[in-house]
4 protein chains.
Amino acid sequence: MCDMSDGRSAERIGRPRSERARVAVLQAVDDMLVEQGYAALTMKGIAERAGVGRQTVYRWWNNKAEILMEASLHDAEDELIAPPRGSSAAELVSFLELVERFLTVSPAGLAYRSLLGEAQNDPEVARLVGERDPLGESAAVVLDRLRDSLPGVPDGRTAAAELVGPVLYRVLVQPGAPATGLIARHVEHLLGIWSGPES
Amino acid sequence: MCDMSDGRSAERIGRPRSERARVAVLQAVDDMLVEQGYAALTMKGIAERAGVGRQTVYRWWNNKAEILMEASLHDAEDELIAPPRGSSAAELVSFLELVERFLTVSPAGLAYRSLLGEAQNDPEVARLVGERDPLGESAAVVLDRLRDSLPGVPDGRTAAAELVGPVLYRVLVQPGAPATGLIARHVEHLLGIWSGPES
Amino acid sequence: MCDMSDGRSAERIGRPRSERARVAVLQAVDDMLVEQGYAALTMKGIAERAGVGRQTVYRWWNNKAEILMEASLHDAEDELIAPPRGSSAAELVSFLELVERFLTVSPAGLAYRSLLGEAQNDPEVARLVGERDPLGESAAVVLDRLRDSLPGVPDGRTAAAELVGPVLYRVLVQPGAPATGLIARHVEHLLGIWSGPES
Amino acid sequence: MCDMSDGRSAERIGRPRSERARVAVLQAVDDMLVEQGYAALTMKGIAERAGVGRQTVYRWWNNKAEILMEASLHDAEDELIAPPRGSSAAELVSFLELVERFLTVSPAGLAYRSLLGEAQNDPEVARLVGERDPLGESAAVVLDRLRDSLPGVPDGRTAAAELVGPVLYRVLVQPGAPATGLIARHVEHLLGIWSGPES
DNA sequence: CTCTAACCGAGACGGTACGTCACGTCTTGAG
DNA sequence: CTCAAGACGTGACGTACCGTCTCGGTTAGAG
């Protein structure tokens, strides 16, 4: 997020940044998200929970949004890997169920939703989300894997939007309602489109 | 939103509430949303812009979210009425283009997005959005109108989610990118599903 | 200190400022000065001790220095009134003993010393102290009263400086050391100067 | 100030401390005091200006006060040596004028005033100032020299307080106002006291 | 035509989070 | 063991916004 970024940068002088502090912050954010929710996520609170100075947090990330993005990105990659199944249908259903679970119970998913929320109000956050969208990226991975057996899957972000859009919409608008029925029917429809000879 | 709601409640004594103040607040919110964005939307700022006391705002609505909801609901009904077209395809495309324009330029749409964002962090707002979702309601209206010519359209919120979900997702994640291509392909797919004998 | 100053100013609109909050702050400052000393005097601490919002403190006074000045000025007038004595010598000795006690034990006096200290670093505070110096003003009052029996007392701030300067210097440099001997000898000297026909 | 103090302690091992760093710090403090004033005197700022590590500063001195004390003490001895004059009066006037100039323009004098200010809030600094007071020591030197021709000069710190107290008071309270008139009259009075047969 | 009650504007109130700054300590690699 | 550099934990700073309260003044229906 912040500068210094990708290791290297040759020899830095002075005391090196504490990786320990960095992961403590990310862990604290994860914990607090599930325990108290985003509304109770204070910079001061994060720092205290992580046993870290406030300034240190600002040294690594410029915004609360950047912390959330990092917390979300890192775990999303792991949590949104759909296990291989026998059929495309089962694989898509599994993935969307992962997505739903991710968005409703996983710290990373809660972070993603808060991030998406903040992006609607803060253009800086919007830019961040626009560039690195863990949900869309995971969907792209799954679709790439299925492209052989589903010749109709379009390229780029369109297919990803068509896949996860309805589930995301349901979770954003009705976080409490289960999306299982929606997922089943939605996958059925998508298969009807993508597997056929058309398009 | 607040009590007193729908006129009624017979005869109240004392000075009646100023309808003038109420619409001034809604107008101020609309203006400030397009001029400065949600981040600069302060209760104090709204009151001052509307030439209204702060307490008066809280008399009509309990939260900033309730104001946004009212500002969004009222205009959304007008702005999301798809004009009748010759074909179902054209009608759906028109509707989704309306949706995209609503979400990106209309004050009511910006309010809706901010509201949806806030709902991810504040359960009270989430309840509000879950009960009255202008986007889903408009989609339901359109789908009802087309149900005769599209026998495959499922009932309830599933179809609405499938219709608007991808477009909303695109706008939420990439507000700047045009969704025209996505809309065209998406409608084409939906028609393939809904018009056929299957499902 | 702050604007609003001298009452009147005709009809103000809005909720009037809470005199209760104002005196609570001044009382809190007095208490904390004797209990913990100036170093522990935090704006946040003052506000909490006074049961008052932080912004309220800033509404009444712009600086910590302005609070101290007000706390000092108000009490200094009362605490530095030398009781009438039979002789000029006794009256001056009484006054200087009051000054010493004021500077070492009274909250107002501790505030004055901290203020004087801050004035050496902050030009804004220096201006404040230069305009309203409770110590000098009290000395001037005493000297005015004695001018009849001491024809040699010069006008203006010179006499006041000559009277209180040595005692203040002693207290500033050696707060712990008693100044009684210094006071006795100093008054004796001053009388030798001021009572004579010279000057 | 810090340990190691007076050279000695025989043979230390490891890299010897850099005297160059020490004087660079003192020079930086002097410069910054006249350029920006005490308020802008930061430990980090001093170190950077001196081209020195922060830890190095703390190795030589424990507090900012100790640096100021050293900066003040060293130069005060030179700057407060009253040149020999024909008369006691002229010598005292010269000395007090030096004092005034010292306190208002000299870096060492500004440091002394800031130190005196800090001493009112911090007992540790108060102890420091109480033990080594450059102003009082210089006054004692002058008075010792004049004791032969002024038989009435009392011993100890009383005379010093009586001599410099009024001038210091004037400078502390009204740094901008010239003290020339005060000095002339004050010396005249002191001579009336000290030269006479009385006391 | 008053009385009364709820409204209106304005703005101060007690809280709390923000991002910055300075402190004094700790941790690098180099000398 | 010291040096320059700079990150570390701590905590105060002044600002902004929240939602409530308290003013004087306004506007209706009830007596």
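What you see below is based on every heavy atom in this structure, not just the backbone, and it leaves out hydrogens, waters and symmetry mates. First the proteins, then the strands, lettered A, B, ... as listed; each starts at 1.
Ala28(C) is linked by a side chain to side chain contact (heavy atoms under 4.5 Å, CB included) to Arg49(C), Ala50(C), counting only residues two or more places apart in sequence or in another chain. Checked against side chain to side chain contact (heavy atoms under 4.5 Å, CB included), Arg22(A) has the following partners two or more places apart in sequence or in another chain: Glu19(A), Leu26(A), Trp60(A), Trp61(A), Glu70(A). With sequence neighbours excluded, the residues satisfying side chain to side chain contact (heavy atoms under 4.5 Å, CB included) with Ala119(B) are Val125(B), Ala126(B), Val129(B). With sequence neighbours left out, the salt bridge (Lys or Arg N to Asp or Glu O under 4.0 Å) criterion links Arg132(B) to Glu137(B).
Between the CZ atom of Arg20(B) and the P atom of dC8(E) there is a distance of 10 Å, rounded to whole Å.
Near DNA chain F, meaning a heavy atom under 4.0 Å away, the residues from residues 34-55 of chain C are Thr42(C), Met43(C), Lys44(C), Arg54(C), Gln55(C).
Looking at heavy atoms from C-beta onward, Leu41(C) lies out of side-chain contact with Asn121(D) at the 4.5 angstrom threshold.
Counting all heavy atoms, side chain and backbone alike, Leu33(C) lies closest to Pro107(C) at CD1-O, 3.6 Å. The shortest heavy-atom contact between Leu115(D) and Ala65(D) is CD1-O, 3.4 Å. In this structure, Ile46(D) and Met32(D) approach most closely via the heavy-atom pair CA-SD, 4.0 Å.
Of the candidate nucleotides dG24(E), dG9(E), dG14(E), dG9(E) has the atom nearest to the side chain of Thr56(B). Distance from the side chain of Arg59(D) is smallest for dC3(F) among the nucleotides dC23(E), dG9(F), dC3(F). In this structure, the nucleotide among dG19(F), dC18(E), dG9(F) sitting nearest to the side chain of Tyr58(A) is dC18(E).
Taken together, the paired segments of DNA chain F that extend over three or more consecutive Watson-Crick or G-U pairs, each closer than 3.5 Å at both contacts, are E:1-31 with F:1-31.
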Show your working on side-chain contact (heavy atoms from CB on, under 4.5 Å) between Met43(C) and Val57(C) and close with a plain yes or no.
-> CA-CA 8 Å; Met43(C) 290 304 260; Val57(C) 182; 3.9 Å; yes
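Lys64(B) has a side-chain polar atom (N or O) that falls below the 4.0 Å cut-off from OP1 or OP2 of dC18(F). In this structure, Trp61(D) does not reach the dG24(E) phosphate: none of its side-chain N or O atoms is under 4.0 Å from OP1 or OP2. Of the side-chain N and O atoms in Trp60(A), one or more sit less than 4.0 angstrom from OP1 or OP2 of dC8(F).
In the interface, the side chain of Arg15(A) is paired with the base of dC26(E) through a donor and an acceptor atom under 3.5 Å apart.
Comparing Glu19(D) and Pro16(B) by the nucleotide of DNA chain F whose heavy atom lies nearest to each, the residue mapping closer to the 5' end is Glu19(D). Residue order along DNA chain E, read from the 5' end via each residue's closest nucleotide, puts Ser18(B) first among Asn63(A) and Ser18(B).
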